[in-house]
Amino acid sequence: MPLALHCSKICFCPRSPVKNFVAEPLWQALQELHRQGMLPQLPAHLEFDRPKQQTFGHLASNVALLLSRSAGRRPREIAEAIASALPHSPWIEKCEIAGPGFLNFFLRPAAFQAAIATVHAEGARYGSQDMGRGERIHLEFVSANPTGPLHVGHGRGAAYGASLANILRFCGYEVFCEYYVNDAGRQMDILAASVFCRYLEAAGQALPWPFPKGAYQGEYVRGIAARFRETAGDFLLSAVEELPDIGCMEDGDLAMDVLIAHLKDRLGPEAYSRLHAAGLDEILADIRDDLAGFGVHYDNWYAERSLMQDGAVEGAIARLVAGEYTYSSEGALWFRSTAFGDDKDRVLRRENGAYTYFASDIAYHWEKFQRGFGRMVDMWGADHHGYIPRIRASLQALGQEESALEVLLVQFAILYRGEEKISMSTRAGEFVTLRQLRGEVGNDAARFFYVLRRADQHLDFDLELATRHSEENPVFYVQYAHARVHSLWRQALERGLSVPAGEDLPGLRVLEDPRELVLADLLWRFPEQVASAARDREPHQIAFYLKDLAASFHTYYNATRILVEDEDIRLARLALCRAVARTLANGLALLGVTAPEQM
RNA sequence: GCGCCUAUAGCUCAAUCGGAUAGAGCAACGGCCUUCUAAGCCGUAGGCUGGGGGUUCGAUUCCCUCUAGGCGCACCA
C-alpha cells in the first residue's frame with residue numbers, strides 16, 4: 001500500500017513517525033476518493049510542510065491545491081472531501097482546512113511522546129538514515145598547495161568538508177575523503193628557491209641581492225632552511241657560485257624562474273630534489289598534523305606527482321588526442337574546451353614540454369572515475385569558479401558522466417578582530433594560520449563558526465566574538481544546553497532522587513505541556529534536518545537546528561521545574577531532557593564539536 | 001567588455017528542490033536570580049525581501065531587465 005509514500009520533505013527519514021502518523025491516513029483518504037471518481041489522478045508522492053505558525057497545526061499538506069487542476073475542482077472543495085474521508089487515527093487530533101486549501105494536521109501528545117521514545121531507542125544513531133544506500137561518494141577538500149601553513153581561509157574548507165563528510169556518512173553514504181597534494185609545479189619550485197635563499201642566510205652567506213620579492217616571505221621558511229641545513233649540511237653552497245643577478249630584475253616572477261633554473265642546473269636532479277623535498281615534506285607534515293588536530297581526517301593524500309610518474313597524465317591526454325579534442329599551436333598542445341562551452345581553449349602541454357596543472361587535474365578526475373567513484377564532490381575556493389567549465393569540458397571529452405562531479409565553492413573567510421579587518425597574503429607571509437586560530441578560539445568555536453554560514457557566502461570571522469564566553473557566542477549557547485541536562489542528572493543523584501534507569505523508559509503520558517510538545521516536535525525534526533543538510537550539502541542547517549533546539553530547551557528549563565517530587569513527572573521530564581541532550585550531542589558530533597557534560 | 005556569485009530588520013544571517021501573517025542572534029528599550037548552572041529566560045520595537053517587469057491559485061525562492069558589490073577571465077596553481 002504505501003509504495004508511493006515517498007515524501008521528499010518528510011520521508012527522507014524512514015523512521016520519522018510523521019510518515020506513519022499522517023501520510024498513511026491521508027493516502028487512504030486519497031485512494032478512497034480516487035475509487036469514488038472524484039480524483040482521477042493521485043500524486044506520485046506526498047509532501048508535508050511544517051507550518052511556521054502554530055495555528056496551522058504541526059504538519060500541512062498542499063495536496064488539494066496540487067490536485068485541483070486534474071480534478072477540475074476548486075482546491076477547498078477537494079480539501080473538504082479529503083478531510084471527511086480521513087480514517088480515524090490515534091495520532092491525529094484533528095485536520096483543518098485553511099487558506100486556499102491547505103490541510104492542517106494537529107497531532108495528539110502521544111505522537112510527540114513517541115518521538116522521545118525513538119530518540120532513546122536509537123541513541124547515538126538517532127538522526128542517521130540510509131538515504132545514501134551505501135553509494136560511494138568522493139570528497140575532495142582543502143587541497144591547499146603545500147607551500148606554507150594552512151591559514152584561516154583553508155580552515156573554512158576543512159570544517160565544511162569534514163562536517164559534510166560526517167553528515168553524508170550519517171545518511172548512509174560511503175564517503176571517501178581525499179586531499180590532493182599539488183607537489184609538482186612552479187609553486188613548489190618557488191618554495192624550494194625560497195628555502196635556498198634562507199639556507200644561505202642561515203649559513204652566514206650574504207645574498208648578493210635583497211631577499212626576492214617573488215619568494216615566500218613567511219618566517220616558517222627560515223625554520224625549514226635552518227633545520228635542513230642541520231641535517232643536510234653545506235652541500236647546497238656549491239650553487240652559490242655564479243648566482244645570476246636577479247636583484248636588478250623588475251619582474252619578480254621572472255627573477256624566480258631564473259633562480260630556479262640556476263638551482264636545477266647547478267645542483268643536479270638529486271640535490272635539487274632534496275632541496276625541493278625539504279620544504280614539501282615539512283610543510284605537508286605540518287598540514288596533516290594541523291588538520292588532524294582540527295578533527296579533520298582524510299582517507300587518502302593524493303600526490304599530483306604520482307599522476308606524472310605512473311603515466312596517468314599522459315594516458316588521459318592521449319585519450320583527448322585520440323578523441324581529436326586537441327590541437328597544436330605555438331608549440332603547445334591545446335585542449336579544445338570551447339567545444340564544450342568553455343570561454344577559450346586551454347593549454348595542456350607547454351611549449352617547454354611540461355604539462356600544465358590543468359593537465360594533471362584532468363588526469364586526477366579521470367582517475368577518480370577509474371577508482372569507481374560514481375559521484376565526486378570538489379570543494380574549491382570561490383576564486384577558482386572560472387575553472388569549472390574547463391574541468392567539466394574535460395569530463396565530457398573523456399566520455400564521463402559530467403553530472404557526477406559537483407563543485408561546491410567556498411567563499412573566503414574574512415578575519416576581524418573587533419572592527420579591525422586582518423588582511424592576508426600567503427606569498428607575503430602575512431596571514432593568521434589555522435593553528436593560531438585554533439589556539440586562540442579553540443577547536444569547538446572554530447568548527448562551529450566556520451559552518452554557521454552557507455559556504456557560498458562570505459564569512460566574517462570575528463576572533464573577538466569567537467573567544468567571548470558569553471551569550472553572544474552561539475557555540476557556548478548550544479553546549480551549555482547540553483551541559484545543563486547533565487547537570488540535572490548530577491543534581492538528582494546528589495539529592496537521592498530517582499532518575500530514568502538504563503534501558504527502561506518511564507511513562508511519558510504526563511508530558512502534555514505545550515513547551516514539552518514543542519521540544520519533542522523539534523527532536524522529531526532532527527532526522528529531517530540531517531537529510532536536508534545532506535541533500536543540499538549544507539552543514540549550516542545543522543548548526544541552525546542546534547541553535548533552535550538549544551533555545552527551546554533553555555526556554556523549557558527556565559519555565560519548568562524538572563526535579564519535582566512527583567516521580568512520574570520527574571522521570572518523564574528527565575527522559576525528555578535526556579533526549580534533547582542526546583540529539584544535541586549527535587548534531588554537534590556531525591559538526592566536529594564536543595558536547596561537554598559540564599561547563 | 002564577457003562570465004559566475006551575491007543583495008532580506010540598524011549589524012550578522014535564516015527561511016526545508018514555489019506555500020499561508022518572511023524568522024533568529026546581536027545592538028536598543030523594559031522585566032526575571034533566598035528554588036535544578038543568569039554562559040539562561042520573558043517582553044517591546046524594528047521590513048515595499050536592492051528597483052522594475054513576467055510566469056500562477058501563491059514568488060525572498062523561477063525567468064527577463066536595471067542598479068550596486070564580490071570574484072574570475074595565464075603556457076600560475
Item to check | P-based separation of B/rA15 from B/rG23 [nearest Å] | outcome: 14 Å
Checklist entry - For the residue pair A/Ala159 and A/Tyr450, what are the closest heavy atoms and their distance? => result CB-CB, 3.5 Å
Checklist entry - Taking atom C1' in both B/rU35 and B/rG30, what distance in whole Å separates the two? => result 25 Å
Next on the checklist: Between B/rC71 and B/rA27, how many Å separate the two P atoms, rounded to a whole number?
Outcome noted: 31 Å
Item to check | Side-chain N or O of A/Thr356 closer than 4.0 Å to phosphate OP1/OP2 of B/rA77 | outcome: no
Checklist entry - So which pairs with a foot in residues 441-457 of chain A pass salt bridge (Lys or Arg N to Asp or Glu O under 4.0 Å), sequence neighbours left out? => result A/Arg454-A/Asp456
Checklist entry - For A/Asp343, which contact category applies under a 4.0 Å heavy-atom criterion: base, sugar-phosphate, or nothing? => result nothing
Item to check | C1' gap between B/rG52 and B/rC57, integer Å | outcome: 24 Å
Checklist entry - What's the base orientation of B/rC33: syn (chi within 90° of 0) or anti? => result syn
Item to check | Centroid distance under 5.5 Å and plane angle under 30°, A/Phe102 vs B/rG19 | outcome: no
Item to check | Test item: A/Asp566 side-chain N/O and A/Ile569 main-chain N/O as donor-acceptor pair under 3.5 Å | outcome: yes
Next on the checklist: Here's a test of your reading of the structure: between A/Leu563 and A/Gly331, which maps to the more 5' nucleotide of RNA chain B?
Outcome noted: A/Leu563
Checklist entry - With rounding to whole Å, what would you report as the distance between B/rA68 and B/rG31 at their C1' atoms? => result 42 Å
Item to check | A/Tyr557 six-ring face occupied by A/Arg484 cation (under 6.0 Å, within 45°) | outcome: yes
Next on the checklist: Please compare A/Gln411 and A/Arg484 by the position of their nearest nucleotide in RNA chain B and report the one closer to 5'.
Outcome noted: A/Gln411
Checklist entry - Counting a pair only when it is Watson-Crick or G-U and both distances are under 3.5 Å, which runs of at least 3 such pairs involve RNA chain B? => result B:1-7 with B:67-73, B:10-13 with B:23-26, B:28-32 with B:40-44, B:50-54 with B:62-66
Checklist entry - Is the phosphate of B/rA15, meaning OP1 or OP2, less than 4.0 Å from a side-chain N or O of A/His540? => result yes
Item to check | Distance, C1' atom - from B/rA22 to B/rU61, rounded to whole angstrom | outcome: 12 Å
Item to check | Pair of N/O donor and acceptor under 3.5 Å linking B/rA77 base with A/His384 side chain | outcome: yes
Item to check | Below 4.0 Å: OP1/OP2 of B/rG72 and any side-chain N or O of A/Lys344 | outcome: no
Item to check | Between B/rG18 and B/rC63 - C1' atom distance, rounded Å | outcome: 13 Å
Next on the checklist: Is there a side-chain contact between A/Tyr477 and the phosphate of B/rC41, meaning an N or O under 4.0 Å from OP1 or OP2?
Outcome noted: yes
Next on the checklist: Distance criterion of 3.5 Å, no angle test: do you see the side chain of A/Asn104 paired donor-to-acceptor with the base of B/rA20?
Outcome noted: yes
Checklist entry - Side-chain N or O of A/Arg186 less than 4.0 angstrom from OP1 or OP2 on B/rC75? => result no
Checklist entry - Does a side chain donor of either A/Tyr327 or A/Asp345 reach within less than 3.5 Å of an acceptor in the other side chain? => result yes
Next on the checklist: Would you say that A/Leu549 contacts A/Leu523 through its side chain, given a criterion of any heavy-atom pair below 4.5 Å between the two side chains?
Outcome noted: yes
Item to check | Partners passing side chain to side chain donor-acceptor pair (under 3.5 Å) against A/Glu304 (at least two apart in sequence or in another chain) | outcome: A/Ser360
Checklist entry - Base, sugar-phosphate, or nothing for A/Ala332, non-hydrogen atoms under 4.0 angstrom? => result base
Next on the checklist: On a heavy-atom basis, which atom in A/Cys577 and which in A/Leu488 lie closest, and how many Å separate them?
Outcome noted: SG-CD1, 4.0 Å
Checklist entry - How would you label the contact of A/Thr555 with the nucleic acid (heavy atoms, under 4.0 Å): base, sugar-phosphate, or nothing? => result sugar-phosphate
Checklist entry - Ring of A/Phe56 versus six-membered ring of B/rA20: centres under 5.5 Å and planes under 30°? => result yes
